[in-house]
Amino acid sequence: MPDDQPETPYLELLARGAPAEAYERPGLRARAEGAPAERLAALERAKLLALRVRGELEGRRRREAELSALFETAHDLAGLRDLDAVLQAIVQRARSLLGTEVAYLTLNDPTAGDTYMRVTDGSVSARFQQLRLGMGEGLGGLVAQTARPYVTESYFDDPRFQHTRTIDAGVSDEGLVAILGVPLLLGSGVIGVLFAADRRVRVFEREQIALLASFAAHAAVAIDTANLLAETRTALAELEAANEIIRDRSGVIERASEIHDRLNELVLRGGGVQDVAAAVAEVLSGSVEFLEAAEVPAGALDRSRADGRAVRHGEDWIAAVSAGGELLGALVLHGHPRLDPVDQRTLERAAMVTSLLQLARRSAGEAEQRVRGELLDDLLDAPDREPRLLRERAARLRADLDAPHVVLAAGIDAPRVAAGPEPAAEPAVAPGSAPGSGAAEDAADRQRLWSAASHLAATRHGLAAARDGGTVLLLPLAEGDSADAVARRTARQLGTAVHAPVTVGASAPVAAPAARPAEVADSYAEARRCLAALRVLGRAGEGAAAEDFGFLGLLLAGTRDGAPDGTRVRDFVTRTIGAVVEYDARRGTGLVRTLDAYFAGGMSPARTKDELHVHVNTVAQRLERVGRLLGDDWQSPARALEIQLALRLHRLTGAVER
């Protein structure tokens, strides 16, 4: 007879710890015996209550086991003797409590910039046990990089992390499918990752993730404790050397006095930053260098700047170089993880001296830039200046105004966009202004361009000045160089310096600016027209000279007294058909006349021979000679147009044909 109490069979199941599927049997048996609906409903309620109690008991047992394992781990840490043994115990307990087939732990390698396998339990693959993961590679690399737990039910089907051939081969060799990884955190930094993994698809619960994170925290403490022990041993060794340090104290003080005297001497004789670094390196027996602020670790630099002291960063010491609230860079001492307080003060004093030298250098540089700008302004605005005075002022700036120079007009341009045509004489956007930018942004752009141009002019022994919303440069022209080559090179160098497209227009060379200062102003106007033409032609961000545009250069060259410059015309004619004109003059031939007739006759040899009253073979021979003199492409549309214009200008200048 069945028991009248529906709870009785379930209590028996609870008492003997039966599996969950056994709780279905009392209900199935009652249905088979034809029990009434009320009995079946009572059994169902009792089953649900029993399963709930069973779940609570299972949870309590699991939490008890977890707490016991954590307690044992903490006990191991308290008596830490062997770091490897403690980590192995942590990995084994994590595997046991989570019921996974494999557990393992990786540590970060700051030197190599990756993470490597430290301890494994349950692993059977030698390849897997020797894996190294780059930061961000594989699930472990992602955990190490982001400091967040990651879990995957099926590793090879998960696209959230970066798969690599090496890592995937190791995971496949081990046969892993489901993987849970949690970071080993020490402070705010990640020092490694603890994993639990199965060789089948599995879903890890939130409680399991939290448990593995607790073991990871213990592992991090173990590693930190081991590191602290190592530091403690080092400290003991340092204490043992204290007597030796005391004996050396007098020598340290002497070195401090020596460096103080040497730094004072450097300042008095106008030494540079590198001289200071070399002096400090010699006294401290290390490697010292001055670095820009962007090249120094930001955290260490901020601490040094705030405290006014040199701070340790890894194996280096960093002393901020600042003045008036402005950060100028830092002195970095390499290879001295432990620095004597007196030597530390020496490094700090050297940083103060460096800041003074940097300010003096900047002031001198700004003054020199202003002087260069004033000299160029005088050349542009006062062409009647005494040449001797111009030469003397230029000599003080290491500039030679009796050598050939090129005048360049430069302006910053926004990235290329489709735009309508701009008038050449007055560009829609002032040189140096980016379309659509505000007044403050334009001013900042012009300042950056002027600074870069001034630096370039100083290194090239030229001049630079801010003018007409942009920058004008007067740069020497080296032998064998050309104005368009200088323009292209300058556009590239300025663009790199200001991190924006810079368009540069160049004039024709000015033979001797000191002797003919009036030509500088005319050449600047020509350079500005060339700059405007580049923008009209959609070539913003490039550099060119008037000669780079062929016959269009005549238009860009403009006028000096209301009519085209005869010198520019002659230069164009010589560049285009000079070889033919010279050949006629030397041989007494009629190649120029033949070219006139050939183009006038629509480039027809038959009509040309009629015009010249010669045989068609003679025309062919003359045209063949022209091709050898001017190049095989002389009849291409672009070349033919320039040749015809040059022929007409040749006639207009009054040249006599043979």
Side-chain angles (χ1 to χ4, degrees), residues 65-135 137-141 143-145 147 149 166-167 170-171 173-176 179-187 189-199 208-209 211-237 314 337:
E66 292 171 357
L67 289 173
S68 176
L70 291 174
F71 177 79
E72 291 174 1
T73 302
H75 182 269
D76 290 343
L77 290 178
L80 177 64
R81 292 295 180 270
D82 183 357
L83 177 62
D84 288 339
V86 174
L87 295 181
Q88 187 68 51
I90 289 173
V91 171
Q92 289 173 347
R93 288 166 188 156
R95 177 191 175 196
S96 175
L97 285 177
L98 269 68
T100 58
E101 296 170 284
V102 182
Y104 51 100
L105 181 146
T106 64
L107 291 181
N108 292 356
D109 185 344
T111 302
D114 62 5
T115 183
Y116 64 95
M117 201 72 70
R118 182 70 163 77
V119 181
T120 65
D121 188 61
S123 171
V124 296
S125 168
R127 175 188 296 183
F128 180 77
Q129 295 165 13
Q130 297 171 4
L131 273 181
R132 296 187 76 97
L133 295 76
M135 290 299 178
E137 295 178 356
L139 184 142
V143 174
Q145 184 182 54
T166 302
I167 298 174
V171 174
D173 202 28
E174 188 64 52
L176 301 182
I179 303 175
L180 165 63
V182 296
L184 275 65
L185 295 172
L186 199 57
V190 178
I191 62 172
V193 181
L194 179 61
F195 299 87
D198 265 339
R199 297 185 175 93
Q208 294 172 322
I209 298 174
L211 176 60
L212 194 63
S214 297
F215 278 110
H218 281 299
V221 170
I223 295 169
D224 188 39
T225 302
N227 291 337
L228 289 175
L229 286 175
E231 291 181 3
T232 301
R233 295 188 188 100
T234 302
L236 289 174

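No experiment lies behind these values; they were computed from the predicted model shown. Quick note: numbers below take in every heavy atom, side chains included, and nothing from hydrogens, waters or symmetry partners. Just so you know, residue 1 is the first one in the sequence shown, and it goes up from there.
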Enquirer: Can you find a pair of side-chain heavy atoms, one from L180 and one from I209, that are under 4.5 Å apart?
Expert: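 Heavy-atom side-chain distance check passes, below 4.5 Å.
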Enquirer: Heavy-atom distance under 4.5 Å between the side chains of L133 and I167, does that happen here?
Expert: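 The answer is yes; the side chains approach within 4.5 Å.
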Enquirer: Going by the side chain to side chain contact (heavy atoms under 4.5 Å, CB included) test, name the single residue among L131, D121, L194, L176 that passes it with Y104.
Expert: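 Option passing the side chain to side chain contact (heavy atoms under 4.5 Å, CB included) with Y104: L176.
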Enquirer: Would you please name every residue forming a salt bridge (Lys or Arg N to Asp or Glu O under 4.0 Å) with D109, sequence neighbours left out?
Expert: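 In terms of salt bridge (Lys or Arg N to Asp or Glu O under 4.0 Å), with neighbours along the sequence ignored, D109 is linked to R132.
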Enquirer: At what distance, to the nearest 0.5 angstrom, does OG of S123 lie from CZ of R95?
Expert: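 S123 OG to R95 CZ: 10.0 Å, rounded to 0.5 Å.
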Enquirer: Would you say that I191 contacts L185 through its side chain, given a criterion of any heavy-atom pair below 4.5 Å between the two side chains?
Expert: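 A side-chain contact is absent here, since even the closest heavy-atom pair is not under 4.5 Å.
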Enquirer: Side chains of L184 and L105: does their closest heavy-atom pair fall under 4.5 Å?
Expert: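 Yes - at least one pair of side-chain heavy atoms lies under 4.5 Å apart.
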Enquirer: Heavy atoms only: give me the nearest M117-Q129 pair and the separation to one decimal.
Expert: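 In this case the closest contact between M117 and Q129 is CB-O, 3.4 Å.
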Enquirer: Main chain of F128, side chain of S125: is a donor-acceptor contact present, judged purely on distance under 3.5 Å?
Expert: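 Judged by distance alone, yes, a pair lies under 3.5 Å.
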Enquirer: Could I get the full list of side-chain hydrogen bond (donor to acceptor under 3.5 Å, both in side chains) partners for R127, not counting sequence neighbours?
Expert: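 Expected list: none.
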Enquirer: Please report the closest heavy-atom contact between P149 and P183, naming both atoms and the distance.
Expert: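 Nearest pair, atom of P149 first, then P183: N-CD, 3.8 Å.
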Enquirer: Among L107, V143, V182, L139, which residue meets the side chain to side chain contact (heavy atoms under 4.5 Å, CB included) test with V193?
Expert: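 In the set L107, V143, V182, L139, the residue that makes a side chain to side chain contact (heavy atoms under 4.5 Å, CB included) with V193 is V143.
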Enquirer: Donor-acceptor check, side chain of E137 to backbone of G134, threshold 3.5 angstrom: yes or no?
Expert: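 Confirmed, E137 side chain pairs with G134 backbone.
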Enquirer: Kindly indicate whether the side chain of F195, heavy atoms from C-beta on, has any atom under 4.5 Å from the side chain of T106.
Expert: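 Yes, side chains in contact.
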Enquirer: Of the non-hydrogen atoms in M135 and A144, which two are nearest, and what is the gap between them?
Expert: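 Heavy atoms only, the tightest pair is SD-CB, 3.8 Å.
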Enquirer: Does any non-hydrogen side-chain atom of L87 lie less than 4.5 Å from one of I223?
Expert: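 When only atoms from C-beta onward are counted, L87 and I223 do touch, with a gap below 4.5 Å.
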Enquirer: State, with a plain yes or no, whether a side-chain heavy atom of L211 is found less than 4.5 Å away from one of L98.
Expert: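 A side-chain contact exists here, since the closest heavy-atom pair is under 4.5 Å.
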Enquirer: Mark yes or no for whether Q88, through its side chain, and T120, through its backbone, hold a donor-acceptor pair below 3.5 Å.
Expert: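 Yes; at least one donor-acceptor contact below 3.5 Å.
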Enquirer: Start with the C-alpha distance between N108 and V190, add both sets of side-chain angles, then the distance that settles side chain to side chain contact (heavy atoms under 4.5 Å, CB included), and finish with yes or no.
Expert: CA-CA 8 Å; N108 292 356; V190 178; 4.1 Å; yes
Enquirer: Going by an N to O cut-off under 4.0 Å, is there a salt bridge joining R199 and E174?
Expert: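 So R199 pairs with E174 through a salt bridge.
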